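Note that the structure is a prediction, hence the values are computed from the model and not measured. For the numbers below, each heavy atom of this structure counts, side chains included, while hydrogens, waters and symmetry mates do not. The chains referred to below are lettered A, B, ... by the order of the sequence lines, with proteins before strands, and numbering in each begins at 1.
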There are 2 protein chains.
Amino acid sequence: MNIKDVAERSGLPAKTIRYYEEIGLIRPLRGANGYRAFRESDLHKLSFLGRARGLGFTIEECRRLLALYEDRGRASADVKALAEAHLQDMEVKIAELRAMQATLRDLVDHCAGDQRPDCPILTGLAGGKGKAAGCH
Amino acid sequence: MNIKDVAERSGLPAKTIRYYEEIGLIRPLRGANGYRAFRESDLHKLSFLGRARGLGFTIEECRRLLALYEDRGRASADVKALAEAHLQDMEVKIAELRAMQATLRDLVDHCAGDQRPDCPILTGLAGGKGKAAGCH
DNA sequence: CTAATCCTTCCCGTCACGGGAAGGTCAAGC
DNA sequence: GCTTGACCTTCCCGTGACGGGAAGGATTAG
C-alpha cells in the first residue's frame, strides 16, 4: 500500500502519516523506489492512533497507548490509569472553559449591544467594577 | 516604569509584555538607555489584555477589543458581537470535550483495571466492537 | 512521448509565548 | 573608583501537531 491508500483507509492526511513515522509511532517498510510500503499492521496502528487522537489523547499518550496495545503482557490497570488521567485533564479544561464562559456571559448580558459606545464588557475588561478577571 | 514594575502590576510576565510590544499591541516609550519606559496608559492596556486573555480571547480578538476600547465612537453592538462569537467558540469546544469524555468514559467503565491484559479501552481504540471514534 | 498523478525530502508557518545566552546599564556598598 | 548584583536589551531556539508548498523523482494512462 502506498501512502494515499492508507490515508484514505485510515482517514488520516498523508502529512500526518509521514509525521507519525518521523516521530517513531510507525515504521513502514520502503520499496526499491523509496516509496513507503505500508502493511496491514501499519494501517491498523494508524487507525488506532486516529481514534486515540480523536479522543483527545496527546501524541505522547498515544505512544504509550500503542505500546500497551502491542504488549501482550500489559495490565489493563495501566491502560485504565492513562485513560482516567486523560478524563481528568478534560474535566479540568471543561471547568476552565465554563468559568470563562460564566464570567463573559455575565458581562455580555449587561451589554446593550446597540449603537451607543457604553459597554460593560469593555469596562469589565478594563478592570472596572465588575468581576472580570479570569485567573486560574 | 521599567518592565519589571509593569510585569508585577499587570500580572503578566516580562516576556509576554515584550511579545505584546513586538506584535504591536502596545507601544511603550524608550529611555535614553534603551530601556522601555511604560506609562500608566501602557499598564492599563496590559491589564486589559491580561483580563481578555484570561477569558480565552485570542491575541487577534484582544487586538480588536483593544481597538474598540480605544475608539470612543464604537458601538457596543460590535463589542457584544465579538464576545458572543467567543462564547460560541467556547460552547463548541466544551461540546467536543464532552463528546470525547462520554466516549472514553464508556470505555473506561467497561475496563476491569486489574492485572489481566484484556482491555476494552484498547479493543475500542483498535476499532473493535464498541463505538470509539471521535469524529467531529 | 507526454501529461497527470503519484511519491520523496526539506523548510517555513502556525499560536502565544518560555528558556536561556551574550552583553549593556544602573544603584548600592566598600 | 570598583565591584557586585539586579536589572535591562536583543537574538535565537523550542513547544504540539501538524499544514502548505517548493523542488524534484517515479509511475501510470493514453
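- One interatomic measurement links the two molecules: CG of A/Asp5 to C1' of D/dT28, which rounds to 14 Å at whole-angstrom precision.
- A straight line from NZ of A/Lys4 to P of C/dC6 spans 4 Å, rounded to a whole angstrom.
- B/Ser76 and A/Asp118 share no donor-acceptor pair across their side chains, judged by distance under 3.5 Å alone.
- One atom, CG of A/Leu29, and another, P of C/dT8, lie 13 Å apart when rounded to the nearest Å.
- Minimum atom distance to the side chain of A/Ile3 is reached by C/dT8, of the listed C/dT8, C/dC6, C/dA16.
- The CG atom of A/Leu25 sits 8.0 Å away from atom OH of A/Tyr19, with the distance rounded to the nearest 0.5 Å.
- Residues B/Asn33 and B/Glu60 both approach DNA chain C. Their nearest nucleotides, taken by heavy-atom distance, put B/Glu60 toward the 5′ side.
- When distances are taken from the side chain of A/Tyr20 to each of D/dC18, C/dC7, C/dG24, the shortest belongs to D/dC18.
- Residue contacts shown for B/Lys15 include a base, since a base heavy atom lies under 4.0 Å away.
- Rounded to an integer number of Å, the gap from B/Asn2 CG to C/dA27 C1' is 12 Å.
- Between B/Glu21 atom CD and D/dC11 atom P the separation is 12 Å, expressed in whole Å.
- Look at CD on B/Glu8: it is 14 Å from P on D/dA6, rounded to the nearest Å.
- Using a 4.0 Å heavy-atom distance criterion, A/Ile23 is classed as making no nucleic acid contact.
- The side chain of B/Thr16 contributes no N or O atom lying less than 4.0 Å from OP1 or OP2 of C/dA16.
- Residue A/Arg30 places its side chain closer to C/dT8 than to any other of C/dC17, C/dT8, D/dA17.
- Using a 4.0 Å heavy-atom cutoff across all strands shown, B/Arg18 reaches at least one base atom of the nucleic acid.
- Protein atom OH of B/Tyr19 is 18 Å distant from nucleotide atom P of D/dG14, rounded to whole Å.
- Nucleic acid contact for B/Arg36: sugar-phosphate only, since backbone atoms but no base atoms lie under 4.0 Å from a heavy atom of the residue.
- When the C1' atom of C/dG18 is taken as reference, atom CD1 of B/Ile59 falls 14 Å away, rounded to whole Å.
- Counting atom types as modelled, B/Tyr35 pairs a side-chain N or O with a base atom of C/dG24 as donor and acceptor under 3.5 Å.
- Using a cut-off of 4.0 Å between Lys/Arg side-chain N and Asp/Glu carboxylate O, B/Lys93 and A/Glu96 are scored as not salt-bridged.
- Under the salt bridge (charged side-chain N to carboxylate O under 4.0 Å, His left out) test applied with A/Glu21, the options A/Arg30, A/Lys45, A/Arg27 reduce to a single match, A/Arg30.
- In this structure, B/Asn2 contributes its side chain and B/Lys4 its backbone to no donor-acceptor pair below 3.5 Å.
- Annotation: of the two residues near DNA chain D, B/Gly34 and A/Pro13, the 5′-most nearest-nucleotide partner is B/Gly34.
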